[in-house]
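Not measured: the values here are computed from a predicted model. Below, each value reflects all heavy atoms present in this structure, side chains not excepted, and no hydrogens, waters or symmetry copies.
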Amino acid sequence: MRGAKYLFVISLVIAPQLAPCKEMASENTDKSLEIGALSPIVVTATRREETLQSIPVAVSVLDGRDLEQANLNNIQDIVRQAPSADFRTGTSTKNVSMFIRGVGTITTSGGIEPTVATVVDGVVLAHPGQTSMELLDLERVEVLRGPQGTLFGMNASGGVFNVLTRDPSQEQYRYIDAAYYQGNERRLRVGIATEISDGAAWGSLTGIYGTYQGNVTNVFDGRQLNGYDRVGLRGKLVLKPESNLKLTFGADYFDDKHSNTPVYIAPPNTTLVPIAPVIASPKNRQANLNFGMFNHNRHRGISTQVDWDAKGHTLTSITAYRDWENRQQQDIDLSPQTLISDAGSVSLRQFSQEIRLTSPRKGLLEYVLGVFYHATDGDESYHRTLRNIADGTGQAEFGVRRTNIATFGESRIKLTPSSHLIAGLRWTHNTVDYHFRRTTTLPVDLGVMMHSPFTSKGKTRAQGTSGRLGLQFDLAQGLMAYTTYSRGYKGLAYNVYANMWAADTRVVAPETSNSYEIGLKSEAFGKRLRFNLALFSARYDNYQTALPGVIDGMTVMQLVNAGKVGTSGLELDFAFKPATRWEITGALANIHAQVRQFNCASNQVDCVASGTQMPFSPKWRLSLGSSYALPLKDGKSIILSGNYRWQSRIQFQLPQNPDAVQGAYGILDASITLDDSLHNWRLVLLGKNLGNRSYAAHQLAQFDGIARFVPRDDQRYFGLQFRQDF
């Protein structure tokens, strides 16, 4: 493993870890530091608060404070910290995708649900593009691996990113947090959480401002690309008018402007797209563009959660509304002469209502019952312009409406004092309708698939079931095993995209999955060691994805049922506390995500052979971290931390383009924290990618060349963070 020598750097401390140690990160005076045992991890993966070691679900947990300290501020940055997960970036926010265990949905179509769900404080996000918002007051992120179609349902056939923000009733604070990183990246967060009424009302308000100039140079005008400007605000109000009644109100607003510009690493057809003086190379960080690349996202949301306790039963209602607006502009040829440029917008509105009844814990029968409603209304516009070789424009206006109605339930039945039966079922009804209209002045003979006027609309519906069946065995104190079968369901879709073809307005059938998992969770040595193992195998039928097809001589991405894919492997994670103030964590994933049977249409550019590795799924991923707190005088302490992550080679294209491969690489991050508990301040020196390893976050074919997306930590950089609590 290249870079493994960096594991022995003297200052190893927690950047985000899979088994977090909060007290070492920021609360060095916490009593748990005086205890040798690991702190318990509480999760809500079963829709109730339970310890990680007691539930029959494979979950990775990332601590919110650690993520903030590591300069990881949204789901798109956080995803890769879990070895079983990955993220597909793109020039447009609406084109991003997430993966768990090698499975995710790749498409630009607005007519489809993602395979991996993102849930923020109980609210399901309808589109992966909504994950670009900042995560403020973050308590933790739970990565639920594998199908979660019973309790989470919508968009959860591959897994769930369950995001939980801090509740102001749990912690009162006032703080200012300022950071500066090389590359002129500046961030400022301010927050307050306080008790409004004695024992009855609490509130919090947090604001963020961040700016970064970028790490790609545009030689055309000297500007920096790949930067961002972000502002945001999140507020929470908790009321407890009665001891058995809790009301939680949340609201947020985020504005994000950023560019995400790929650069050529293999030269394009320079007759069409000259890029000189830029030299294409694997470490290239230059572009030559005369047409700006940008994304502008606005996120707004409100939610109300009611929790009413009645003799141990809890009735929960979550009502939420969110909207997301995206405007984007792209220079398709990535050259100074702009053969093709695109501009577009997305306006998405969603309303959701969920009602759950949760039984008391520790009885012979534990259960969760619920109903769920989710409605999404999305409109898009897309404008394509041709220049130089010909003049013309094409304009597409289209929209998709989706509804998801479900009833669900899951129970855990005590068979014996040490064994439990898990059984759950969800019934889902989906409706999808779309409208489409295209006008154009583009010449027909250029074959850019925006040249033909076209109007269409349609409506369809379907229903399906998902569920889970399993056994859980408490083998001994601190030792639990489980085996489960899970059925996943993802609703039907329409193949709706800007340059769609009149004869290609087909319905894409629902995607289903069957998953088997065996797990072991253990604690030993006085709870100083935590060791969890999961073995899994899953098959996805009618796998939904976008693949290149040829229409009128032009290659376009079409949403199709690609066939059958499968994923299998093992996941291991551990935490070890060899001394009171020293913690070591790690995770390993060996995943084989492959095509099992491919549906090759007559117009498909490439057929994919059975056994082909799925994109964005390296076979091996490893994460190792360590944290040591060194006490000083007068309430001060020094915390040394580090995190090393490594992955094997990865293919970015399902058709297996040999040039779209990123070789194996490892990244080492480290930090040194000076913490003053008496005066409530903290100073952190952070180093990212200390080995200075350049890599690609995504690669794509472009005009006979290959372009890569340059991640923020493509080069070594350092930063300072300062936090003062009042």
Which pair of heavy atoms, one from [X] and one from [Y], lies closest together, and at what distance?
| X | Y | value |
| --- | --- | --- |
| T440 | G394 | OG1-CA, 3.9 Å |
| F598 | V608 | CB-O, 3.2 Å |
| N657 | Q651 | O-NE2, 3.1 Å |
| H429 | Q463 | ND1-OE1, 3.9 Å |
| A406 | T428 | CB-OG1, 3.9 Å |
| L205 | G235 | CD1-CA, 4.0 Å |

Could you state the interatomic distance from [atom1] ([X]) to [atom2] ([Y]), rounded to the nearest 0.5 Å?
| X | Y | atom1 | atom2 | answer |
| --- | --- | --- | --- | --- |
| F249 | K236 | CZ | NZ | 12.5 Å |
| T150 | I422 | OG1 | CD1 | 11.0 Å |
| Q395 | L442 | CD | CG | 11.0 Å |
| L62 | F161 | CG | CZ | 9.0 Å |

Answer yes if the side chains of [X] and [Y] hold a donor-acceptor pair under 3.5 Å, and no otherwise.
| X | Y | value |
| --- | --- | --- |
| T431 | T403 | yes |
| R349 | S347 | yes |
| S486 | S515 | no |
| Q328 | K94 | no |
| S345 | S381 | yes |
| Q130 | T93 | no |
| T376 | Q350 | no |
| D121 | S303 | no |
| H258 | D256 | yes |

If you define the side chain from C-beta out and look only at heavy atoms, does anything of [X] sit under 4.5 Å from [Y]?
| X | Y | value |
| --- | --- | --- |
| E410 | R47 | no |
| D167 | K246 | yes |
| L654 | I106 | no |
| F398 | Y434 | no |
| W324 | L125 | no |
| N542 | Q544 | no |
| F152 | N162 | yes |
| R145 | I591 | no |

Considering residues at least two apart in sequence or located in another chain, which fulfil the side-chain contact (heavy atoms from CB on, under 4.5 Å) criterion with [X]?
| X | value |
| --- | --- |
| S259 | L225, N226, T261 |
| P114 | P128, N155 |
| Y209 | T211, V231 |
| I208 | E134, L136, R187, R189, F254 |

> In chain order, what residues pass the ring-ring contact (aromatic ring centres under 6.0 Å, His included) check against Y485, with sequence neighbours excluded?
Replying inline: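 Testing Y485 for ring-ring contact (aromatic ring centres under 6.0 Å, His included), a comparison that skips the adjacent residues, returns Y516.
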>> List the residues meeting ring-ring contact (aromatic ring centres under 6.0 Å, His included) with F652, not counting sequence neighbours, and say none if there are none.
In response: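 If we apply the ring-ring contact (aromatic ring centres under 6.0 Å, His included) test to F652, skipping adjacent residues, the hits are F616, H698.
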Is there a donor-acceptor pair closer than 3.5 Å between any side-chain N or O of [X] and the backbone N or O of [Y]?
| X | Y | value |
| --- | --- | --- |
| R88 | N95 | yes |
| E511 | A509 | no |
| H374 | V124 | yes |
| R384 | I340 | no |
| R322 | H299 | no |
| Q330 | I332 | no |
| T441 | T393 | yes |
| S97 | T105 | yes |
| N495 | L559 | yes |
| E139 | G64 | no |

> Of all residues at least two apart in sequence or in a different chain, which pass the side-chain hydrogen bond (donor to acceptor under 3.5 Å, both in side chains) check with Q305?
Replying inline: D307
>> Does anything in residues 100-113 form a salt bridge (Lys or Arg N to Asp or Glu O under 4.0 Å)? List the pairs, not counting sequence neighbours.
In response: R101-E517, R101-E571, E113-R402
> Ring centroid separation for F408 and F372, is it under 6.0 angstrom?
Replying inline: no
>> Under a 4.0 Å threshold between the charged nitrogen and the carboxylate oxygen, would D137 count as salt-bridged to R166?
In response: yes
>> Set out, in order, the CA-CA distance, both residues' side-chain angles and the distance that settles side chain to side chain contact (heavy atoms under 4.5 Å, CB included) for S341 and Q329, then state yes or no.
In response: CA-CA 8 Å; S341 63; Q329 182 173 284; over 6 Å; no
> When you look at I112 and K490, which way does the side chain to side chain contact (heavy atoms under 4.5 Å, CB included) test go after all the steps?
Replying inline: CA-CA 9 Å; I112 188 174; K490 189 174 76 166; 4.0 Å; yes
Applying salt bridge (charged side-chain N to carboxylate O under 4.0 Å, His left out), name anything that partners [X], two or more places apart in sequence or on another chain.
| X | result |
| --- | --- |
| R298 | D255 |
| D333 | none |
| R300 | D323, E325 |
| D541 | R539, K564 |

> Yes or no on side chain to side chain contact (heavy atoms under 4.5 Å, CB included) for F99 and V79, after CA distance, side-chain angles and deciding distance?
Replying inline: CA-CA 9 Å; F99 302 81; V79 162; over 6 Å; no
>> Please determine whether side chain to side chain contact (heavy atoms under 4.5 Å, CB included) holds for the pair M133 and N74, giving the CA-CA distance in whole Å, both sets of side-chain angles, and the decisive distance to 0.1 Å.
In response: CA-CA 6 Å; M133 66 180 176; N74 55 42; over 6 Å; no
